[in-house]
Amino acid sequence: MTPLQGMRDAAVPGQRNESGSLFPLAMTCDEGAVTLEQFIDWVSESRDDLLTLSSQHGAVAFRGFPTPTVDEFDAFIQALKIENFPYAKSLSNAVRINRTPRVFSANEAPPEVKIFFHHEMAQTPLYPKYILFYCEIAPESGGATPLCRSDILFAKLAEQCPEFAAKCESTGLRYTNVMPGADDAKSGMGRSWHSTLGVETKAEAEARLGELGYRFEWLADDCLKATTPQLPAVMEVSPGQKTFFNQLIAAYCGWKDERNDPSDAIRHGDGTKLDPDAVDVAVQLAEELTYDHQWQAGDIVLLDNTVAMHARRPFQGTRKVLASLAEMRTHAFDAVG
C-alpha cells in the first residue's frame, strides 16, 4: 500500500502495542496536503490492504483527512466496496436514526447511559464483519468509544479462568431480552419488536422468530420476550486465533431498563447460569486492555467486528458519532466444532 504525499502513520493517545501490533493502527495527513478526491481514490486503490490491516490490528483510525461531513464519510465507505448491511435488516435492539442509506446514528441512548463492551450483533444469528464509525460532532467531555482486542482478552481469560472459558466455548450462550411495542429512546436497547424483526403484526413476529429458532413469550403492554437459540461465544477468526465473540459483558452488565433484568439476560447454552466471579474477570480484563478513542470531528475508525469489541462512555454536551455496518455474516452453534 503506497501512502499519499503528506500521509503518515500516527500515534494517538492511549494507543496500545499488543505483541508488536499497534491497536489501533492510526493514519493522518498534513493539513491541506490531500484533497477529498485524492483521499477517496487512495481508499479505493488500497481497499484490500485496509481491510486486511483492520483484521490484523483490530481497528484502523483515520484523523485529519478531508472528511468534514457525513457525505464524505459515505464516500469513504463506498470507496471500500464492502456490501452494505442496512440497520433495518439487523436484529439489534438499539434505537438508531438513518442519515444516509449506509450511515446511521451509533446509538440514541441518553448521554448518561454507559454502553458496555460487545461485538456488534453477536447476540443474534446475523452480524456484520465490519463496522465503521465517524465523528460528526465531538462531545464537550467524555463520550469516548472504548475498543478492546477480543483475541487478547480471550487468551488472558483462558489463563485466569480456564473452566469458564472452556465452557463458553463448548456450550455457547443464550440471550433473553424484552422488546417494547414501540421504540423507547430512553433505553440503550429500546428498539421495538416491530422494527427489530421487520414486521407489523404479532403473527408475523412469531413466524420470524420461528425461522430464527427463537423461543418467545408475549407480555403485558405489547412487549415481547425472546430468547435466542444457542449461539457461539468464541470464534476462531484464523488458525489458532480465537476471539471472545459475544455480548456477554454488555448483557450481564448493561441490559437493564424497565423491562429487562441483566441477571435474566444471559445463560450458558446449556441453560446454566454464568459464574459471576469469572464474568467479573472478563469485565476487568476488557477494561485493562481498553483503548479509548477520544473523538475529534472528522475522525473515521474502521473496525473488524470479529476481532475488536467496542463500547461507549457517558458524555456531556452534543455528541454525534455515526456508524455503518458491512458484510452481513451468519453464525450458529456447532456442538461438534
By side chain to side chain donor-acceptor pair (under 3.5 Å) - contacts of Tyr87 (at least two apart) = Ser92, Arg96

query = Can you name the nearest heavy-atom pair linking Arg174 to Gly269, along with the distance?
reply = NE-O, 3.0 Å

message = Any carboxylate oxygen within less than 4.0 angstrom of a Lys/Arg side-chain nitrogen, looking at Lys225 and Asp264?
response = yes

ask   = Would you call Met27 and Leu53 a side-chain contact if the rule is heavy atoms closer than 4.5 Å?
value = yes

inquiry  = Do Glu112 and Phe315 have side chains that approach each other closer than 4.5 Å (heavy atoms only, starting at C-beta)?
reply    = no

Leu209 side, atom CG; Glu217 side, atom CD - distance, nearest 0.5 Å = 12.5 Å

task = Report yes or no: do Thr69 and Glu72 form a side-chain donor-acceptor pair below 3.5 Å?
result = yes

key: Smallest separation among heavy atoms of Leu289 and Arg16, with atom names   = O-CD, 3.1 Å

task = Measure from the ring center of Phe76 to the ring center of Phe62 and say whether it is less than 6.0 Å.
result = yes

ask   = What is the distance from atom CG of Asp277 to atom SG of Cys161, rounded to the nearest 0.5 Å?
value = 8.5 Å

ask   = Under 3.5 Å, is there a donor-acceptor pair between the side chain of Thr196 and the main chain of Ser192?
value = yes

key: Minimum side-chain heavy-atom gap Leu325-Asn84 below 4.5 Å   = no

ask   = For the side chain of Thr272 and the backbone of His268, is there at least one donor-acceptor N/O pair under 3.5 Å apart?
value = no

ask   = How long is the span from the SG atom in Cys135 to the NE2 atom in His293, to the nearest 0.5 Å?
value = 7.5 Å

task = Looking only at non-hydrogen atoms, find the nearest pair between Ile115 and Ala311 and report the distance.
result = O-CB, 3.1 Å

message = Under 4.0 Å between a side-chain nitrogen and a carboxylate oxygen: does that hold for Glu211 and Arg208?
response = yes

note = Taken to the nearest 0.5 Å, the spacing of Glu327 CD from Tyr127 OH works out to 11.0 Å

Any donor-acceptor N or O pair under 3.5 Å, side chains Thr243, Ser150 = no

query = For the side chain of Thr28 and the backbone of Arg63, is there at least one donor-acceptor N/O pair under 3.5 Å apart?
reply = yes

task = Quick one: closest heavy-atom pair of Val12 and Ala26, and the distance?
result = CG1-CB, 3.9 Å

key: Any donor-acceptor pair under 3.5 Å from Asn98 side chain to Phe104 backbone   = no

message = Can you tell whether the side chains of Asp292 and Arg313 come within less than 4.0 Å, N to carboxylate O?
response = yes

request  = Please indicate whether Asn17 has more than 12 foreign heavy atoms, meaning atoms of other residues, nucleotides or ligands, lying under 6.0 Å from its CG.
outcome  = yes

inquiry  = Which residues pass the ring pair (Phe, Tyr, Trp, His ring centres under 6.0 Å) test with His119, not counting sequence neighbours?
reply    = Phe245

query = Looking only at atom types and distance, does a side-chain atom of Ser105 sit under 3.5 Å from a main-chain N or O of Ile97, one as donor and one as acceptor?
reply = yes

CA sep, side-chain torsions, deciding dist, call: Leu322, Val70, side chain to side chain contact (heavy atoms under 4.5 Å, CB included) = CA-CA 8 Å; Leu322 309 176; Val70 66; 3.6 Å; yes

task = Using a strict cut-off of less than 4.0 Å between a Lys/Arg side-chain nitrogen and an Asp/Glu carboxylate oxygen, indicate whether Asp304 and Lys129 qualify as a salt bridge.
result = yes

Per-pair distances, 0.1 Å, donor-acceptor, side chain in residues 229-240, under 3.5 Å, sequence neighbours excluded:
from: Gln230; atom 1: NE2; to: Thr171; atom 2: O; distance (Å): 2.6
from: Glu236; atom 1: OE2; to: Gly240; atom 2: N; distance (Å): 2.9
from: Ser238; atom 1: OG; to: Gln241; atom 2: OE1; distance (Å): 2.7

request  = For side chain to side chain contact (heavy atoms under 4.5 Å, CB included), just list the numbers for Asp257 and Asn260, CA-CA rounded to whole Å, side-chain angles, deciding distance to a tenth of an Å, and then say yes or no.
outcome  = CA-CA 5 Å; Asp257 59 17; Asn260 290 278; 3.0 Å; yes

key: Residue pair Leu91 / Pro125: nearest heavy atoms and the distance that separates them   = CD1-CD, 3.9 Å

note = Residues Ala109 and Arg312: closest non-hydrogen pair is O-NH1, 3.4 Å

message = Run the side chain to side chain contact (heavy atoms under 4.5 Å, CB included) test on Tyr130 and Asn305 for me, step by step, so that the C-alpha distance in whole Å, both residues' side-chain angles and the decisive distance to 0.1 Å come before the verdict.
response = CA-CA 5 Å; Tyr130 302 105; Asn305 183 46; over 6 Å; no

ask   = Is it the case that one hydrophobic cluster holds both Phe244 and Tyr175, taking links as side-chain heavy atoms less than 4.5 Å apart, direct or via other members?
value = yes

message = Which residue in the set Arg149, His57, Gln15 passes side-chain contact (heavy atoms from CB on, under 4.5 Å) when paired with Pro24?
response = Gln15

ask   = Transitively linked via ILVMFWY side-chain contacts under 4.5 Å: Phe117 with Val307?
value = no

ask   = Are Met189 and Leu173 connected in the hydrophobic side-chain network, where two residues link if heavy atoms are under 4.5 Å apart?
value = yes

ask   = Taking atom CD of Gln56 and atom CG of Leu51, what is their separation to the nearest 0.5 Å?
value = 11.0 Å

request  = Please check if Phe39 and Tyr134 belong to a single hydrophobic cluster, counting links between Ile, Leu, Val, Met, Phe, Trp and Tyr side chain heavy atoms closer than 4.5 Å.
outcome  = yes

request  = Taking the side chain as every heavy atom from C-beta outward, state whether Thr227 and Tyr214 have any atom pair closer than 4.5 Å.
outcome  = no

message = I'd like to know if the side chain of Trp193 reaches the main chain of Asp222, judged simply by a donor and an acceptor atom lying under 3.5 Å from each other, with no hydrogens or angles considered.
response = yes

request  = For Glu288 and Lys156, run salt bridge (Lys or Arg N to Asp or Glu O under 4.0 Å): C-alpha distance rounded to whole Å, both residues' side-chain angles, the deciding distance at 0.1 Å, then the answer.
outcome  = CA-CA 11 Å; Glu288 291 174 359; Lys156 291 182 178 295; over 6 Å; no

Lys/Arg N to Asp/Glu carboxylate O, Glu136 vs Arg99, below 4.0 Å = yes

ask   = Regarding Glu200 and His194, is there a side-chain donor-to-acceptor distance under 3.5 Å anywhere?
value = no

request  = Look at the side chain of Asp184 and the backbone N and O of Lys186, then say whether any donor-acceptor pair between them is shorter than 3.5 Å.
outcome  = yes

inquiry  = Does any part of the side chain of Arg191, heavy atoms only, come nearer than 4.5 Å to the side chain of Met179, both counted from C-beta?
reply    = no

Ring centres under 6.0 angstrom apart (Phe116, His118) = no

task = Apply side chain to side chain contact (heavy atoms under 4.5 Å, CB included) to the pair Tyr252 and Val279, showing each step before the final yes or no.
result = CA-CA 8 Å; Tyr252 197 90; Val279 174; 3.5 Å; yes

message = Are the side chains of Lys242 and Glu169 in contact, using a 4.5 Å heavy-atom criterion?
response = yes

query = With distance as the sole criterion, is a donor-acceptor pair present between the side chains of Gln78 and Asp74 under 3.5 Å?
reply = yes

inquiry  = If we ignore hydrogens and angles and just use 3.5 Å, is the side chain of Glu204 paired with the main-chain N or O of Thr201 as donor and acceptor?
reply    = yes

inquiry  = Could you check whether Lys167 pairs with Asp270 (Lys NZ or Arg NE/NH1/NH2 to Asp/Glu carboxylate O, under 4.0 Å)?
reply    = yes

message = Is there a path of hydrophobic side-chain contacts, each under 4.5 Å between heavy atoms of I/L/V/M/F/W/Y residues, joining Phe85 to Ile82?
response = no

inquiry  = Keeping Trp42 on the side-chain end and Thr2 on the backbone end, is there a donor-acceptor pair under 3.5 Å?
reply    = yes

request  = For Arg47 and Lys81, indicate whether the former's side chain and the latter's backbone hold a donor-acceptor pair under 3.5 Å.
outcome  = yes

inquiry  = Could you check whether any side-chain heavy atom of Leu126 comes within less than 4.5 Å of a side-chain heavy atom of Ser90, counting everything from C-beta outward?
reply    = no

task = Working to the nearest 0.5 Å, report the span between OG of Ser141 and CD of Gln316.
result = 4.0 Å

